[in-house]
Q: 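Below is one structure. I have some questions about it.
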Amino acid sequence: MTFPVCRYDLAATLTSGQAFRWRLSDGAWVGVIGAHWVRLRIENSDLIAESAVPSADWSWLTDYLQLDLDLDEVLQTFPTDEPMQKATSACLGLRLLLQDPWECLASFILSSTKQIVQIRQIIALLCERYGEPLLVPPGQAPLCSFPSPARLASATETDLRGCKMGFRAPYLLATAQQLAEGRLDLPRISRLPVAEARAELIQLPGVGRKIADCVLLFAYGFHSSFPVDVWVMKALRQLYFPHRRVKLARLHRFAATHFGPHAGYAQQYLFHYMRTQNEGGTRPSSPRRGSARKLRLRAED
DNA sequence: TACCAGGAGAGCG
DNA sequence: CGCTCTCATGGT
């Protein structure tokens, strides 16, 4: 199946720390959306999608990739200051996905103080051990669905620790149990105002402001939600409040007023910019070479 | 080797 | 409140 697309950077989008199961294989991106195995690539401003099972309705894909979103319309609402100009021009075509709430929630519970490569490894193990095998085309590597709350709720903390998630195991287990018991209905949250939706999510074990904001943005499409992690905090302080002590609460207030109605979208550009800009590094600190040390320390003051 | 990673929660003054 | 400490694991 092919879909016409304009300014859609698949690589940046699928590796920008919002989803963790995509991998590049023979020049195409292979992943799982719900119960669908899918393989994606872009050729001549066309998105080409191959699935394992023929489907008449591709809304599961177009919704996930947000193909109907007008990116230019979003970009026009961004502030025209220099940091945003640089962040957006550094990666034209970076998009936000619309993911499954449970998979997104569980993934970000597992994300705390982990690097993206390690988050990917934990989630791969979790799916391999607890997910359902999917139908994949002949010759393709086997792949599983993301395990349901009920499935994880039936595991033990020790089982989950076996997936290398460490102290996050009791959080994931307790949250899975609450959802499996029906104590919180994830689909219902999409109908709430963003502040109430956030309050509901934060009640779950292992879910604080940052993870709640990630789920609101990446799975519920609340574009006003602005997750502030170490990277974005660094970006905001460095670019907008240099040489000043600024607290997290103030950064949230600043973000809510400065970046417009699609602030969360702007956040993704800042996040990607910070991660790719400096020496293609995966670390916000710790210089690679001695010669860079002085410059870096000066810039970070 | 020592330090650190897309945080959350508990304990402290 | 606001700050600090701990939590588990793997990479550099």
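Reminder, nothing fancy here: chain letters follow the sequence lines and each chain counts from 1.
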Q: Show the numbers, then the answer: is there a side chain to side chain contact (heavy atoms under 4.5 Å, CB included) between C91(A) and H272(A)?
A: CA-CA 8 Å; C91(A) 187; H272(A) 187 268; 3.6 Å; yes
Q: Just checking S107(A): base, sugar-phosphate only, or nothing, at a heavy-atom cut-off of under 4.0 Å?
A: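 The residue S107(A) makes no contact with any strand.
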Q: Let me know the distance between CH2 of W231(A) and P of dA5(B), rounded to the nearest Å.
A: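 Those two atoms, CH2 and P, are 8 Å apart.
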Q: Which atoms of nucleotides 7-9 of chain C (N or O only) lie under 3.5 Å from a protein N or O atom, and what are those distances?
A:
| from | atom 1 | to | atom 2 | distance (Å) |
| --- | --- | --- | --- | --- |
| dA8(C) | O4' | F167(A) | N | 2.9 |
| dT9(C) | O2 | K114(A) | NZ | 2.6 |

Q: Does G206(A) reach a base, just sugar-phosphate, or nothing at all? Heavy atoms under 4.0 Å.
A: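 Sugar-phosphate, no base atom in range.
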Q: In whole angstroms, how far is the P atom of dC4(B) from the NZ atom of K234(A)?
A: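 The distance from NZ of K234(A) to P of dC4(B) comes to 12 Å, rounded to the nearest Å.
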Q: Between dA8(B) and dG10(C), how far apart are the two P atoms, rounded to whole Å?
A: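 Each nucleotide's P atom is 22 Å from the other's.
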Q: I'd like to know whether CD of E132(A) has more than 12 heavy-atom contacts from other residues, nucleotides or ligands below 6.0 angstrom.
A: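 Count not over threshold, so no.
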Q: So which atom in L135(A) and which in W37(A) form the shortest heavy-atom distance, rounded to 0.1 Å?
A: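 The pair with the smallest heavy-atom distance is O-CB, 3.7 Å.
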Q: Using the six-membered ring wherever Trp is involved, compare the ring planes of Y64(A) and W22(A) and label them parallel, tilted or perpendicular (cut-offs 30° and 60°).
A: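 Taking W22(A) first and then Y64(A), their aromatic rings sit tilted (interplane angle of 30° to 60°).
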Q: For the CG atom on D72(A), are there more than 12 heavy atoms of other groups (residues, nucleotides or ligands in this structure) within a distance under 6.0 Å?
A: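 Correct, the count exceeds 12.
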Q: Which whole-number value in Å describes the distance from Q115(A) CD to dG7(B) P?
A: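 After rounding, the reported distance stands at 10 Å.
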Q: Heavy-atom nearest nucleotide on DNA chain B for S111(A) versus L204(A): which residue maps closer to 5'?
A: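 Closest to the 5' end, via its nearest nucleotide, is S111(A).
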Q: With centres under 5.5 Å and planes under 30° as the test, does F271(A) stack with dG6(B)?
A: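 Yes; centroid distance and tilt both under limits.
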Q: What is the distance, rounded to the nearest whole Å, between atom CG of L217(A) and atom P of dG6(B)?
A: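 Rounded to whole Å, this separation is 18 Å.
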Q: Quick one: sort the F254(A) and F241(A) rings into parallel, tilted or perpendicular, breaks at 30° and 60°.
A: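 If you compare the ring of F254(A) with that of F241(A), the planes turn out perpendicular.
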Q: Rounding to a whole Å, what distance do you find between D229(A):CG and dC4(B):P?
A: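 Between P of dC4(B) and CG of D229(A): 17 Å.
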Q: Take the protein atom CG of L248(A) and the nucleotide atom C1' of dC3(C), then report the distance between them rounded to whole Å.
A: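 Value for this atom pair: 13 Å.
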Q: What nucleic acid atoms does V207(A) come within less than 4.0 Å of, heavy atoms only: base, sugar-phosphate, or nothing?
A: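 V207(A): backbone/sugar contact only, no base atoms under 4.0 Å.
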Q: Would you kindly give the CG-to-C1' distance between L236(A) and dG6(B), to the nearest whole Å?
A: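 In whole Å, dG6(B) C1' and L236(A) CG are 14 Å from each other.
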Q: Using whole Å, report how far CE of M233(A) lies from P of dG6(B).
A: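 The answer, rounded to whole Å, is 13 Å.
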Q: Looking only at atom C1', what distance separates dC3(C) and dG6(B), rounded to whole Å?
A: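 The same atom, C1', in both gives a distance of 22 Å.
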Q: Please evaluate the base of dG11(C) for a donor-acceptor partner in the side chain of Q121(A) within a cut-off of under 3.5 Å?
A: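 A donor-acceptor contact between them is absent.
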Q: Check the orientation of W60(A) and W58(A). Use parallel for under 30°, tilted for 30 to 60°, and perpendicular for over 60°.
A: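 Parallel: the ring planes of W60(A) and W58(A) meet at under 30°.
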Q: Distance from M84(A) atom CE to H258(A) atom NE2, nearest 0.5 Å?
A: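 Those atoms lie 9.0 Å apart.
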Q: Which of the following nucleotides, dC3(C), dG10(C), dG6(B), is nearest to the side chain of P227(A)?
A: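 Out of dC3(C), dG10(C), dG6(B), the nucleotide with an atom closest to P227(A)'s side chain is dG6(B).
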Q: Under 4.0 Å, heavy atoms only, any strand: does I202(A) hit a base, just the sugar-phosphate, or nothing?
A: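 No contact.
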